[in-house]
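Not measured: the values here are computed from a predicted model. Note that the numbering runs from 1 along the sequence shown for the chain.
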Amino acid sequence: RQVGIRGGGRTCVGGSVTPAPEAVGYVDATLRDLAPSPGGTAVGTDDLAAAAAALAEVGARVLEALDARCARAALEARSESPWDRLRAILREAGSTPVGVVVGARNLWGDRQLAPDVIRRFVLCAVDSGVSRVRATDPLNDPDALEPIARACAEATAEFVPTLIVGPAPAADDARWIEEAVALASLPGARSLCLSDGAGHVSPSALARLVSAIREATGLPIEVQVQAPGGLAPLAATAAVLAGAASVQASAGPVALVAARPSAETLRAALAGGERPLDCQPTALDRAARVVGQMLPADRLRQAAAAVFG
C-alpha cells in the first residue's frame, strides 16, 4: 500500500520523493477592469478600496491597481485623484503586493514626459506602497522603457517590461523573439509580460510564442490576454501549458465584461494537472460577489450577449 505524506513542498509516495506541482501565479487585474470608462464611471474610490480588501485574500501574487485608462476615468468622469485611489487600495490590500501599469513615454497621460518626471513618478508610487511597475510601449522599444527600468532599480521596485504582440508580423516571426530579448536585457527585468490585448494570436500560436520567448530570454513569462467570444481563457490555458509562469485574470463577472480570463475558469481548467492555479477558491468566490455588485447591469448584459449570444 502506498502512503502519501505532504510536507516541505514535496510528496513522498511509497518511499519515493517527487517535487510538488509548480503552481501558476495569479496576477489579478480586477481593479483595472472595474474602473475604466464607460462602465467604470459608476465605480468610485471607496468601491475600489472595498474590492481591494476582498481581493487581498484570494492569493494573487500581485494586484494590478491602476493603468492609464483607470487614471483617465478617475479624473475625467469622477474628478477623483488617481493617487487617492491608489493609496486607498494600498490601505486595504494588506500583505498582497500592489502594482501599477504605465506607458513608457507618457505614464498615465497623453503627452511625452521627460526622464526626470518619469523617475519622480516611479519614486512617488513606490513611496506610496507600490511594489511593482509594469511598463508598456506600443513599439516595444527598450530605449523608451529604460528610464522606468532605472527608476524602479533606484526605488527597489519590481520592474516588468511588456512585449505587446499584434496581428503582424505573424506569431512565428523571429522579430518577436528579438524584441523580447531586447526587453529582457533592460536593467532589473526579472520577468517579462507577453500581452495580446485583442485576441490577435490564436491559442496554439500563443503557446509556441511563450515557449520560444521563455527559452530565448531565460525569464519567467507572464501572460496578459484579452479576446472576444470566450477565447481568452483558452489562450491563457494554452500559454500556461506551454510554460508561462503566471497569468493575468479577473474575478467573476468582471472578467466577462473585460473579455479577460476569469480566475475561476482558469482554476477549473488547470485543476488536477501538473500546474494548478495558485489561489484561494473560497476567498475568490467571496471577492467575485463583492466586485460583481459594482458592475452596471447594462454593461454586464452587453458583455454576456457578446459571448453567449
I'd like to check the side chain to side chain contact (heavy atoms under 4.5 Å, CB included) partners of Pro203; sequence neighbours left out, ordered by chain and number.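 With sequence neighbours excluded, Pro203 shows a side chain to side chain contact (heavy atoms under 4.5 Å, CB included) to Leu231, Leu234, Ala235, Ala238, given in chain and number order.
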Check side chain to side chain contact (heavy atoms under 4.5 Å, CB included) between Asp285 and all other residues, then give those that pass, not counting sequence neighbours.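 Asp285 satisfies side chain to side chain contact (heavy atoms under 4.5 Å, CB included) with Arg289 only.
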Test of understanding: clusters of I, L, V, M, F, W, Y form through side-chain heavy atoms closer than 4.5 Å, transitively. Do [X] and [Y] belong to the same one?
X: Leu107; Y: Leu145; answer: yes
X: Val223; Y: Leu163; answer: yes
X: Ile164; Y: Leu209; answer: no
X: Ile177; Y: Leu139; answer: no

So, Glu154 and Arg119, do they make that salt bridge, N to O below 4.0 Å?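 Judged by the 4.0 Å cut-off on N to carboxylate O distance, Glu154 and Arg119 do form a salt bridge.
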Check this for me: does any side-chain nitrogen of one of Glu222 and Arg132 sit under 4.0 Å from a carboxylate oxygen of the other?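 The answer is yes: the pair qualifies as a salt bridge.
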Partner set under side chain to side chain donor-acceptor pair (under 3.5 Å) for Ser262, not counting sequence neighbours: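 Residues passing side chain to side chain donor-acceptor pair (under 3.5 Å) with Ser262: Thr265.
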Taking side chain to side chain donor-acceptor pair (under 3.5 Å) as the definition, give me every residue that meets it alongside Glu264, ordered by chain and number, with sequence neighbours left out.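 With sequence neighbours excluded, Glu264 shows a side chain to side chain donor-acceptor pair (under 3.5 Å) to no residue whatsoever.
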Compare every heavy atom of [Y] with every heavy atom of [X], then report the nearest pair and how far apart it is.
X: Val210; Y: Gly243; answer: CG1-C, 4.3 Å
X: Ala184; Y: Ala189; answer: O-CB, 3.7 Å
X: Phe159; Y: Ala135; answer: CE1-CB, 3.8 Å
X: Ala23; Y: Asp278; answer: CB-CB, 3.7 Å
X: Pro147; Y: Ala144; answer: CD-O, 3.4 Å

Under the salt bridge (Lys or Arg N to Asp or Glu O under 4.0 Å) rule, what pairs show up with a residue in residues 162-184, not counting sequence neighbours?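 Residue pairs passing salt bridge (Lys or Arg N to Asp or Glu O under 4.0 Å), neighbours aside: Asp173-Arg175.
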Of all pairs that satisfy ring pair (Phe, Tyr, Trp, His ring centres under 6.0 Å), the ones with a partner from residues 193-251, not counting sequence neighbours: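 Every pair satisfying ring pair (Phe, Tyr, Trp, His ring centres under 6.0 Å) with a residue in residues 193-251: there are none.
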Distance-only criterion, 3.5 Å: show the donor-acceptor pairs between side-chain atoms of residues 44-58 and protein atoms not counting sequence neighbours.
residue	atom	partner	partner atom	Å
Thr45	OG1	Glu80	OE1	2.9
Asp47	OD2	Gly44	N	2.9

Trp108: which residues meet the ring-ring contact (aromatic ring centres under 6.0 Å, His included) condition with it, sequence neighbours left out?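 With sequence neighbours excluded, Trp108 shows a ring-ring contact (aromatic ring centres under 6.0 Å, His included) to Trp83, Phe121, given in chain and number order.
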Counterpart residues, salt bridge (charged side-chain N to carboxylate O under 4.0 Å, His left out), relative to [X] (two or more places apart):
X: Asp116; value: none
X: Asp196; value: none
X: Arg134; value: Glu64

Walk me through it: do Arg72 and Asp110 pass the test salt bridge (Lys or Arg N to Asp or Glu O under 4.0 Å)? CA-CA 10 Å; Arg72 194 170 293 118; Asp110 298 319; 3.0 Å; yes
Checking side-chain polar atoms at under 3.5 Å, does Gln280 have a donor or acceptor matched by the opposite partner on Arg267?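 Their side chains do not contain a donor-acceptor pair, so the 3.5 Å distance test is not met.
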Show every donor-acceptor pair shorter than 3.5 Å between a side-chain atom in residues 97-105 and any protein atom, with sequence neighbours excluded, or say none if there are none.
residue	atom	partner	partner atom	Å
Arg105	NH1	Asp137	OD1	2.6
Arg105	NH2	Asp141	OD2	2.9

